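Read the structure below first, then the notes.
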Amino acid sequence: MCRICGGVVNEFLDLGRQPLSDAFVEPDETADEFYYHLRVGVCESCSMVQQLAEVPRERMFHDSYPYVSSGSVRMREHFTRTAHDLLECESTGSDPFIVEIGSNDGTMLAAVRAAGVRHLGVEPCGGVADVARAAGVRVRSAFFEEAVGAEIAAQDGPANVVFAANTICHIPYLDSIFRGIDALLAPDGVFVFEDPYLGDVIEKNSFDQIYDEHFYVFSARSVQAMARRFGFELVDVRRLPVHGGEVRYTLARAGARTPSAAVAALVASEDARGLAELSTLHAFAAEVDRISRDLVGQLEKLRDSGLRVAGYGATAKSATVTNYAGIGPDLVPCVFDTTPAKQGRLMPGSHIPVRPAEEFAEYGADRLLLFAWNHAEEIIAKEKDFARGGGRWLLYVPEVRLL
Ligand code: TMP
């Protein structure tokens, strides 16, 4: 049953037994790993793409959650620009108030704070929340939900903007989120969120965007229907080049604003390409299979020819690829990553060891599987000596190919 509207959900993709994508394990703790069955479907009524099973939120989001928003230079720039966009366009009145749901290490709110604007982050993961606090960002440690929205409104007054990046798609119980936002948002306020876009996932075959934390894959059509259901309206959309293709959705209270032409245009383009139709989604599932087999074939060839292979970027996304395709240390002996909380541990399920990025040069790789393909430009530029020395990058989005 659809988590948004109660409609019938038709399964189109079975990604098999999967671990928690951000649960990097200590080498002696692999016996305790949690697994679940990752299946994806689409709602016949509201066209929301969603998982069929839910992982309890406390298993995914806890004090040791390793992901930091600031892990890429480009993402830091993106969030600073986002803060300025929100400050310029949406922070009305003499004393504006901006709330961020899932504020992580405070990358976006630090820029709001620097502008001297009232703000609050709501973040359930203690480790990253403390990083934000150390930077002077005001953070409440909690999962945002209905009661939390009402409490913030009582304490701080209404918010002009509620923002969330790569967070709303993580939350199955969006009914409670919308009620919390209803309690918190000023009459003319906006709820702005950005998440991976179904249009990009289908176009790029980026099935690794689907993992435990990404419970929903949004489209303009499904977000429009969801907004209506909860008394809001989708009033603007903007495609973003970050994280492999996202959309920033702007919602206002129903009737409060006139939707921009971009909303109708994006919905029409989705309908024209049959984005949420089962035939499209089944064709996508067939591509997932083909690409996984191609990738394993390519990695086996590299191994058999004696070339030195490694992975680059121990992304959450890579859990889906490695566990679905069956890629382990025999094919990718290690992966390099800049995140201290991941280093020295094993990638979930696949048990590929994560090594500090600084050790990359001495490893002397011939081929690098770019798990962090969404940061390709930044990473390939940073590691230009690798290609200069004859090394080649192996990508699997949108196709398996060597660069
Ligand atoms: P993401 O795709 O979810 O943002 O995760 C990117 C991962 O890749 C994260 O663990 C940080 C890592 N990373 C590097 O190791 N080097 C880099 O240059 C960049 C941009 C990311």
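When reading the values below, keep in mind they use all heavy atoms of this one structure, side chains included, and skip hydrogens, waters and symmetry mates. This is a predicted model, so every value here is computed, not measured.
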Item to check | Nearest non-hydrogen partners of Val42 and Ala276, listed with the distance | outcome: CG2-O, 3.9 Å
Next on the checklist: Donor-acceptor pair, distance only, cut-off 3.5 Å: does the side chain of His214 make one with the backbone of Tyr216?
Outcome noted: no
Checklist entry - Would you say the side-chain atoms of Thr280 pair up with the backbone N or O of Gly274, donor to acceptor, closer than 3.5 Å? => result yes
Checklist entry - In Å and rounded to the nearest 0.5 Å, what is the CG to CG distance from Asp236 to Leu234? => result 8.0 Å
Next on the checklist: Checking Glu233 against Arg228 for the salt bridge (charged side-chain N to carboxylate O under 4.0 Å, His left out) test, could you report, in this order, the C-alpha distance in whole Å, the side-chain angles of both residues, the deciding distance, and whether it holds?
Outcome noted: CA-CA 6 Å; Glu233 193 169 11; Arg228 281 191 187 132; 6.0 Å; no
Checklist entry - Looking at Tyr363, does the NZ or CZ of Arg308 lie under 6.0 angstrom from its six-membered ring centre and within 45 degrees of the ring axis? => result yes
Checklist entry - Is a side-chain donor or acceptor of Asn160 paired with a backbone partner of Phe97 at a separation under 3.5 angstrom? => result yes
Next on the checklist: Quick one: does any side-chain atom of Gln343 pair with a main-chain N or O of Val354 as donor and acceptor, under 3.5 Å?
Outcome noted: no
Next on the checklist: Looking at Glu377, I want to see if its CD is surrounded by more than 12 non-hydrogen atoms of other residues, nucleotides or ligands under 6.0 Å.
Outcome noted: no
Item to check | Candidate list Phe193, Phe178, Tyr249, Phe191, test ring-ring contact (aromatic ring centres under 6.0 Å, His included), partner Phe232, passing option | outcome: Phe178
Next on the checklist: Given 3.5 Å as the limit, does a donor-acceptor pair link the side chain of Arg253 with the main chain of Leu185, or not?
Outcome noted: yes
Next on the checklist: Using 0.5 Å steps for rounding, measure from the CG atom of Leu394 to the CZ atom of Arg367.
Outcome noted: 9.0 Å
Checklist entry - Are Asp182 and Arg179 close enough for a salt bridge, meaning some N to O gap below 4.0 Å? => result no
Item to check | Residues which pass ring-ring contact (aromatic ring centres under 6.0 Å, His included) with Tyr65, listed by chain and number, not counting sequence neighbours | outcome: Phe61
Checklist entry - Asp130 and Arg133: salt bridge (charged side-chain N to carboxylate O under 4.0 Å, His left out), yes or no, with the steps? => result CA-CA 5 Å; Asp130 285 343; Arg133 287 190 188 102; 2.8 Å; yes
Item to check | Working for salt bridge (charged side-chain N to carboxylate O under 4.0 Å, His left out), residues Asp105 and Arg76 | outcome: CA-CA 11 Å; Asp105 60 3; Arg76 287 203 294 274; over 6 Å; no
Next on the checklist: Just verifying a value: how many Å separate Phe143 CZ and Ile171 CD1, rounded to the nearest 0.5 Å?
Outcome noted: 9.0 Å
Item to check | Side-chain H-bond candidate by donor/acceptor type, His37 with Asp14, under 3.5 Å | outcome: yes
Next on the checklist: If you compare all heavy atoms of Val122 against all heavy atoms of Ala142, which two are closest, and at what distance to 0.1 Å?
Outcome noted: CG1-O, 3.4 Å
Next on the checklist: Rounded at 0.5 Å granularity, tell me how far NE2 in His170 sits from CD1 in Ile177.
Outcome noted: 12.5 Å
Checklist entry - Would a distance-only check, ignoring hydrogens and angles, find a side-chain to backbone donor-acceptor pair under 3.5 Å from Arg221 to Met48? => result no
Next on the checklist: Under the criterion salt bridge (charged side-chain N to carboxylate O under 4.0 Å, His left out), I'd like the reasoning laid out for Asp175 against Arg3: C-alpha separation, chi angles, the key distance, then a yes or no.
Outcome noted: CA-CA 9 Å; Asp175 46 347; Arg3 280 299 254 130; 5.1 Å; no
Next on the checklist: Listing request: all ring pair (Phe, Tyr, Trp, His ring centres under 6.0 Å) pairs with a residue in residues 267-300, at least two apart in sequence or in separate chains.
Outcome noted: none
Next on the checklist: Between Ser222 (side chain only) and Phe218 (backbone N and O only), is there a donor and an acceptor less than 3.5 Å apart?
Outcome noted: no
Checklist entry - How long is the span from the CZ atom in Arg229 to the SG atom in Cys46, to the nearest 0.5 Å? => result 8.0 Å
Next on the checklist: So for atom CZ, which belongs to Arg113, do other residues, nucleotides or ligands contribute more than 12 heavy atoms lying within a distance under 6.0 Å?
Outcome noted: no
Next on the checklist: Looking at Arg290 and Glu287, is any side-chain nitrogen of the basic one under 4.0 Å from a carboxylate oxygen of the acidic one?
Outcome noted: yes
Item to check | Tyr396 versus Arg401, side-chain donor and acceptor atoms under 3.5 Å | outcome: no
Checklist outcome for this item: All heavy atoms of Gly7 vs all of Cys43, minimum pair found to be CA-SG, 4.0 Å
Checklist entry - Any idea which heavy atoms bring Leu38 and Tyr211 closest together, and the distance? => result CD2-CA, 3.9 Å
Item to check | Stepwise side chain to side chain donor-acceptor pair (under 3.5 Å) check, Glu378 with Ser72 | outcome: CA-CA 8 Å; Glu378 177 175 340; Ser72 135; 2.9 Å; yes
Checklist entry - Once the angle between the rings of Tyr67 and His243 is folded into 0 to 90°, is it parallel (under 30°), tilted (30 to 60°) or perpendicular (over 60°)? => result tilted
Checklist entry - Salt-bridged, Glu90 to Arg257, with N to O below 4.0 Å? => result yes
Next on the checklist: On the six-membered ring of Tyr35, is Arg17 placed so that its NZ or CZ lies under 6.0 angstrom from the centre and within 45° of the ring axis?
Outcome noted: yes
Checklist entry - So, Thr167 side chain and Ala164 main chain: donor-acceptor pair closer than 3.5 Å or not? => result no
Checklist entry - Counting distance only, does the side-chain N/O of Tyr36 pair as donor-acceptor with the main-chain N or O of Asp212 below 3.5 Å? => result yes
Checklist entry - So, Asp304 and Lys301, do they make that salt bridge, N to O below 4.0 Å? => result no
Next on the checklist: Can a side-chain donor-acceptor contact be found between Asn166 and Glu194 if the only test is distance below 3.5 angstrom?
Outcome noted: no
Next on the checklist: As an exercise, state the distance from SG of Cys169 to CG of Leu198, rounded to the nearest 0.5 Å.
Outcome noted: 12.0 Å
Checklist entry - Ion pair present between Arg239 and Asp200, side-chain N to carboxylate O less than 4.0 angstrom? => result yes
Checklist entry - Side chains of Thr320 and Asp208: donor-acceptor distance under 3.5 Å anywhere? => result no
Checklist entry - Within the distance-only criterion (no hydrogens, no angle test), does the side chain of Lys342 pair as donor or acceptor with the backbone N or O of Ala314 below 3.5 angstrom? => result yes
Next on the checklist: With ring-ring contact (aromatic ring centres under 6.0 Å, His included) as the test, pick out the partner of Tyr312 among Phe371, Trp393, Phe336.
Outcome noted: Trp393
Checklist outcome for this item: Closest non-hydrogen contact found for Asn374 with Arg74 is O-NH1, 4.1 Å
Checklist entry - Do you know the tightest heavy-atom contact between Val332 and Gly311? => result CG1-N, 3.4 Å
Checklist entry - Less than 4.0 Å between a side-chain N and a carboxylate O, is that true for Glu151 and Arg140? => result yes
